[in-house]
Amino acid sequence: MTSEHSGRTEDTSGQLTGGGRTDPATETFVAHRNLLFTVAYEMLGSAADAEDVLQETWLRWAGVDLGTVRDQRAYLVRITTRQALGRLRTLGRRKESYVGTWLPEPLLTAPDVAEDVELADSVSMAMLLVLETLAPTERAVFVLREVFDFGYDEIAEAVGKSPAAVRQIAHRARAHVAARRPRGVVSPAQTRDALDAFQRAIETGDLQGLLGILAPDVVLMGDGGGVKKAILRPVVGADKVGRLLLGGLRKAAAAVSLRPARVNGHPALTIRLDGELDTVVAVRMEEGLITGLYAVRNPEKLSHMQQETALRR
């Protein structure tokens with residue numbers, strides 16, 4: 001099996017035939033690997049768990065008689081979905097004992113992710129948090145139908161339901177997400193402008209400037225995973241959030257630097273302490289204001305910020 005990031009390919013399985021050529025099963029898997037990773041990541045919100053799901057998918061795929069497979073892409077997605085559903089339930093138990101707030105694992109993404117507006121929307125931190133409110137099967141159905149446009153029959157095979165049941169689940173999940181997803185369309189340029197203003201206000205200690213770009217009911221969430229210090233519960237309200245941010249960063253001002261980044265297909269910020277990555281800050285934007293701030297500090301969740309991850313539909 002191979003891993004592809006930023007166009008770079010490295011062998012991770014040793015599944016090679018003589019002369020260094022990969023066998024047909026490996027070639028097919030590699031061709032769809034980025035798609036399979038994206039499916040698993042959207043279902044789990046965890047890149048580490050998505051990678052594990054791909055390993056499990058590969059082990060099952062390697063034992064399949066390819067001559068019996070009519071649609072290899074659909075077959076691979078079906079294996080991935082089933083493995084991700086099992087992992088999602090395990091992940092749910094882990095979250096119950098997680099220290100503080102659990103946030104999705106941020107990904108450094110290439111510019112082409114942002115160019116696919118629907119894909120970028122589906123992997124945004126804000127949307128992944130909305131997907132967290134769905135039951136496992138609802139999440140799988142929503143992702144496969146709304147993001148990847150699979151047919152109801154194909155989804156039914158993947159989740160072990162009848163096509164009629166899948167239609168009902170899809171309708172219910174669609175309504176659930178629509179009621180909770182960010183309102184309106186915000187361009188990357190608008191998000192960048194808001195983050196530029198946010199960064200200037202933080203760096204200059206300008207509370208009024210900060211309050212000017214935070215929605216009155218803005219929510220700040222932090223994820224330290226019990227490893228790094230972080231707020232344990234969401235903080236709500238522009239004044240509370242603004243003062244907390246300025247107060248916290250002022251204490252380490254000399255060692256702190258904020259830099260723009262492209263995270264999960266959207267503009268974001270990274271916070272570095274003495275040059276080392278410490279925090280990834282993603283935002284939820286609505287009507288030109290920041291309504292959500294998601295600060296991930298857990299070092300176990302920052303490994304996919306070292307190089308770009310390729311996502312595909």
Side-chain angles (χ1 to χ4, degrees), residues 1-5 10 12-13 29-30 32-62 76-109 113 119 122-144 147-148 158-160 173 221-228 230 263-265 280 282 294-313:
M1 184 172 59
T2 62
S3 175
E4 292 183 348
H5 298 282
E10 61 186 81
T12 59
S13 70
F29 186 90
V30 170
H32 296 298
R33 187 192 188 284
N34 294 334
L35 163 70
L36 301 177
F37 176 85
T38 308
V39 170
Y41 177 71
E42 293 211 23
M43 284 184 60
L44 300 168
S46 164
D49 285 284
E51 294 285 2
D52 287 345
V53 163
L54 259 61
Q55 292 284 350
E56 294 161 1
T57 299
W58 163 252
L59 291 175
R60 283 155 180 78
W61 174 248
L76 278 165
V77 169
R78 187 159 69 242
I79 299 174
T80 299
T81 300
R82 289 174 179 171
Q83 296 306 311
L85 276 171
R87 181 64 61 123
L88 191 56
R89 295 181 178 103
T90 301
L91 195 55
R93 291 192 290 272
R94 290 213 313 257
K95 290 173 188 174
E96 291 174 3
S97 59
Y98 196 79
V99 178
T101 301
W102 186 95
L103 290 176
E105 186 173 347
L107 304 176
L108 186 67
T109 49
V113 176
L119 176 61
S122 72
V123 297
S124 71
M125 295 288 275
M127 178 56 81
L128 289 174
L129 283 170
V130 172
L131 295 182
E132 283 292 311
T133 64
L134 291 170
T137 301
E138 288 177 331
R139 184 166 183 170
V141 169
F142 181 87
V143 167
L144 293 178
V147 181
F148 298 96
V159 301
M221 303 171 76
D223 180 346
V227 181
K228 287 288 190 77
V263 175
N264 289 53
V280 173
Y294 314 116
V296 181
R297 292 197 74 197
N298 184 348
E300 294 179 0
K301 292 187 176 183
L302 299 180
S303 62
H304 280 73
M305 290 296 297
Q306 304 306 316
Q307 61 179 9
E308 291 178 349
T309 297
L311 301 175
R312 293 288 182 272
R313 284 202 295 163

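The figures that follow rest on heavy atoms only: side chains count, while hydrogens, waters and symmetry mates do not.
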Spacing of T109 atom OG1 and E308 atom CD [to the nearest 0.5 Å]: 7.5 Å

Do N34 and L311 make a side-chain contact, defined as non-hydrogen atoms from C-beta onward lying under 4.5 Å apart? no

Could you grab the distance from atom OG1 of T57 to atom CZ of R82, nearest 0.5 Å is fine? 11.0 Å

Verify the distance criterion only: is there a donor paired with an acceptor across the side chains of N298 and Y98 at less than 3.5 Å? yes

Return the minimal non-hydrogen interatomic distance between M125 and A282, and the atom names on each side. CG-CB, 3.4 Å

Compare every heavy atom of A40 with every heavy atom of A50, then report the nearest pair and how far apart it is. CB-CB, 3.8 Å

How long is the span from the CH2 atom in W61 to the CD1 atom in I79, to the nearest 0.5 Å? 6.5 Å

Suppose we screen for side-chain hydrogen bond (donor to acceptor under 3.5 Å, both in side chains). Which residues come up paired with S122, at least two apart in sequence or across chains? E42

Between L36 and W58, is there a side-chain heavy-atom distance shorter than 4.5 Å? no

Decide salt bridge (charged side-chain N to carboxylate O under 4.0 Å, His left out) for E51 and R33; before the verdict, give the C-alpha distance in whole Å, the side-chain angles of both, and the deciding distance to 0.1 Å. CA-CA 10 Å; E51 294 285 2; R33 187 192 188 284; 2.6 Å; yes

Find the distance between OH (Y294) and OG (S124) and round it off to the nearest 0.5 Å. 8.0 Å

With under 30° as parallel and over 60° as perpendicular, where do the rings of F37 and H304 fit, or are they tilted in between? parallel

Work out which heavy atom in V296 is nearest to a heavy atom in P104; give both atom names and the distance. CG2-O, 3.9 Å

When you compare the side chain of T38 with that of V147, does any pair of heavy atoms fall below 4.5 Å? no

For the backbone of A47 and the side chain of E105, can you confirm whether one donor and one acceptor N or O come within less than 3.5 Å of each other? yes

Taking atom CG of L103 and atom CE of M221, what is their separation to the nearest 0.5 Å? 5.0 Å

Spatial distance of atom CD (E300) from atom NZ (K228) [nearest 0.5 Å]: 11.5 Å

Closest heavy-atom contact between L144 and A158? CD1-CB, 4.2 Å

N/O donor-acceptor pair under 3.5 Å between D223 side chain and W102 backbone: no

Measuring only between side-chain heavy atoms, which start at C-beta, is F148 closer than 4.5 Å to V39? yes

Under 3.5 Å: donor-acceptor pair, side chain of R94, backbone of T90: no

Compare every heavy atom of V123 with every heavy atom of L128, then report the nearest pair and how far apart it is. CD1-O, 3.5 Å

Closest non-hydrogen atom pair between V53 and Q83, with its separation: CG1-CB, 3.9 Å

